[in-house]
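Side chains included, hydrogens not; waters and symmetry mates left out as well; all remaining heavy atoms used. Remember, it's 1-based here, ligands and their atoms both numbered in the order they're listed. Nothing fancy with the numbering, it's 1 onward along the sequence. Note that this is a predicted model, so its numbers are computed, not measured.
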Amino acid sequence: MDYAIRTKVVKIIVDDKVPEQTEVTVLGLVRTIRIGKQVAFIEINDGSCMENIQAVISEPEKYPVLQKILTGAAVRVRGRLIPSEGKGQKYEIAAELVDLVGEADSSYPLQKKRHSFEFLREAAHIRARTNTFGAVSRIRSKIAYAVHKYYQERGFFYVHTPVISTSDCEGAGDMFRVSTLDLDNIPRTEGKVDWSEDFFGAEAYLTVSGQLEAELMAAALGDVYTFGPTFRAENSNTARHASEFWMIEPEMAWADNDDNMDLAEDFLKFLFRYALEECKNEMEFFGKWIDKEVRQVLQAIIGSTFERVPYTEAITVLEKAKADFEFPVKYGIDLQTEHERYLTEKVYNKPVIVYDYPEEIKPFYMYVNDDGKTVRGIDVLVPRVGEIIGGSQREHRLDVLTERMKKKGMTDQENYFWYLDIRRWGSMPHSGFGLGFDRVLMYVTGMQNIRDVQPFPRVPRWAKF
Ligand code: 4AD
Ligand code: MG
């Protein structure tokens, strides 16, 4: 197939690897077309980079196909690279061949003008063809690569934890059920649903976190990480919550909570540095069109030392704050976004790691401190977003863990026999955290809504495409 001889536009324009006068074949979608008497221009984007390349066709009357080419069409253009006369681009193509491969009719929604993000969410099947969503999609891929690079270069093994799960890691109960039972004809015994009749012979859900299985793998392999989709059925319609999101969860054997905080800080800085240094083109675009300050904000975080504040102290600081919080502050509350943002934006003006939370508000698996009242949880808070990382040192002492599970009202301890076995056979201190990948992307791009950094977002009442 001679599609294979194409030249990607990124090679011509960004990498600058193709010399003048080279014959190139470009395959892409038409952004605009202008047909004059002497000359016609087609602006083509092939997805390999943000930049378009312009094809110049002299004697357009010799190309009747031009009349059928509209914005959105797929075309093949062959010609020689010549210096561009207009400003902006270095090269254009003096076209000798123009093929219309796939027509687009005039109903194509992405005509040349600015579209609102709301409009484009309804057109998610084609929005990656726009400059903004093209840039978001490309940087998403690059940052995903950076995640693997970071851990692989540090000797962490990538483990695949299951998407279907029969346990509730976070204990928050906001899980999507996985079932093949006939909803019109649900098997019951003594009035209760008989889950033994269901596909897995037990109640099953989409996982909210890969942590529990990552702990098992860390006990065997030392340092591991997961990077995959997780699901939350919480009905919170905010700009930062999605029902399906990707999470990175490192888990380190032989590590305490200080090691955990060190890793969280170093990892975040690495990703932000990677964006600034390895994704210059996209970052320039976001700085120009989405958020003028985004690069300075990332730079400031890279240069900062994260403030580490015990929960108790954070509460004292918030109580003294002269702010009008919607949710009143007192010891024992779960920090709300307004509190988190106040701490990181107003008080410390840099990322903050809050640690040692009251036992009551954190899940069963966190290590209990000697005071018996607090657990070794951490939340990393960053300006603009609030919580971006949640994690902890894990409870590795069998007796303390089973006691705490009881206290939390977990009546199905036998279902967690595997999690407890790890504490029975060669238990060691270990720690880990979860970083929301989509929140990282919001941060890096300056995009304000999580729905605009995921290609096909899932949120309450929306799972189209
Ligand atoms: O704080 P969370 O719930 O922590 C856990 O799930 C732990 N089991 C992780 C671990 O220790 N291995 O979630 C971790 C991070 C949050 O800080 C946030 O960045 C992101 O996941 N997150 C969400 N991102 C988008 N939409 C949602 N609904 C999210 N819920 C959590
Ligand atoms: Mg959390």
R397 and Y367: side-chain donor and acceptor closer than 3.5 Å?
-> yes

How long is the span from the CG atom in N45 to the CG atom in N131, to the nearest 0.5 Å?
-> 7.0 Å

With sequence neighbours left out, the residues meeting ring pair (Phe, Tyr, Trp, His ring centres under 6.0 Å) with W195 are none

Give the atoms of ligand 1, by number and element, whose distance to some non-hydrogen atom of G390 is under 4.0 Å.
-> 1 (O), 9 (C), 10 (C), 11 (O), 17 (O)

Can an N or O of E251 be found at a distance shorter than 3.5 Å from an N or O of ligand 1?
-> no

Quick one: does G391 get an N or O within less than 3.5 Å of an N or O on ligand 1?
-> no

Do D438 and Q454 have side-chain N/O donor and acceptor atoms under 3.5 Å apart?
-> yes

Which protein non-hydrogen atom lies closest to atom 26 (N) of ligand 1, naming both residue and atom, and how far is it?
-> A242 N, 3.0 Å

Logged contact type for F437 with ligand 1, heavy-atom cut-off 4.0 Å, is neither

For E387, atoms of ligand 1 separated by under 4.0 Å from a heavy atom | 1 (O), 16 (C), 17 (O)

Is it the side chain (CB and beyond), the backbone, both or neither of F245 that lies under 4.0 Å from ligand 1, heavy atoms counted?
-> side chain

Do you see a donor-acceptor pair shorter than 3.5 Å between the side chains of R240 and T337?
-> yes

Mutual orientation of the aromatic rings belonging to Y416 and Y419 [parallel < 30°, tilted 30-60°, perpendicular > 60°] = perpendicular

Which protein atoms of type N, O or S are found under 2.8 Å from the Mg ion (ligand 2)?
-> E387 OE2

Would you say the side-chain atoms of E340 and Q336 include a donor-acceptor pair closer than 3.5 Å?
-> no

What do you reckon, are the aromatic ring centroids of F117 and F133 less than 6.0 Å apart?
-> yes

Of E278, E282, E277, the residue whose pairing with K142 passes salt bridge (Lys or Arg N to Asp or Glu O under 4.0 Å) | E282

Could you name the option among R232, E249, E244, E170 that has the heavy atom nearest to atom 9 (C) of ligand 1?
-> E249

Going by the angle between their ring planes, with limits at 30° and 60°, are F465 and F456 parallel, tilted or perpendicular?
-> tilted

So which protein heavy atom does atom 15 (C) of ligand 1 come closest to, and at what separation?
-> G434 O, 3.6 Å

Looking only at protein heavy atoms, what sits closest to atom 18 (C) of ligand 1 is R439 NH1, 3.4 Å

Is ligand 1 under 4.0 Å from a heavy atom in the side chain of H241, in the backbone, in both, or in neither?
-> both

Output the distance between atom SG (C49) and atom CG (D15), rounded to the nearest 0.5 Å.
-> 8.5 Å

Atom 14 (C) of ligand 1: of M247, E234, R240, Q393, the nearest heavy atom sits on M247

Between Y443 and F272, ring centroids under 6.0 Å = yes

Does an N or O anywhere in C169 fall below 3.5 Å from an N or O of ligand 1?
-> no

Lys/Arg cation over aromatic F364: K408, 6.0 Å, 45° cone | no

For atom 19 (O) of ligand 1, which protein heavy atom lies nearest, and how many Å away is it?
-> I388 O, 2.8 Å

S209 heavy atoms within 4.0 Å reach ligand 1 at atoms 6 (O), 8 (N)

Please confirm whether D438 comes under 4.0 Å of ligand 1, counting heavy atoms of the residue only.
-> no

Under 4.0 angstrom from ligand 1, any heavy atom of R394?
-> yes

H430 and Q393 side chains, donor-acceptor separation under 3.5 Å = no

Contact with ligand 1 for Y365, non-hydrogen, under 4.0 angstrom | yes

Ring pair (Phe, Tyr, Trp, His ring centres under 6.0 Å) with Y150: which of F156, F267, Y158?
-> F267

What part of V380, side chain from CB on, backbone N/CA/C/O, both or neither, has a heavy atom under 4.0 Å from ligand 1?
-> neither

Distance-only polar pair, side chains of E359 and T374, donor-acceptor under 3.5 Å | no

Numbered atoms and elements of ligand 1 in range of I450, under 4.0 angstrom, heavy atoms = 25 (C)

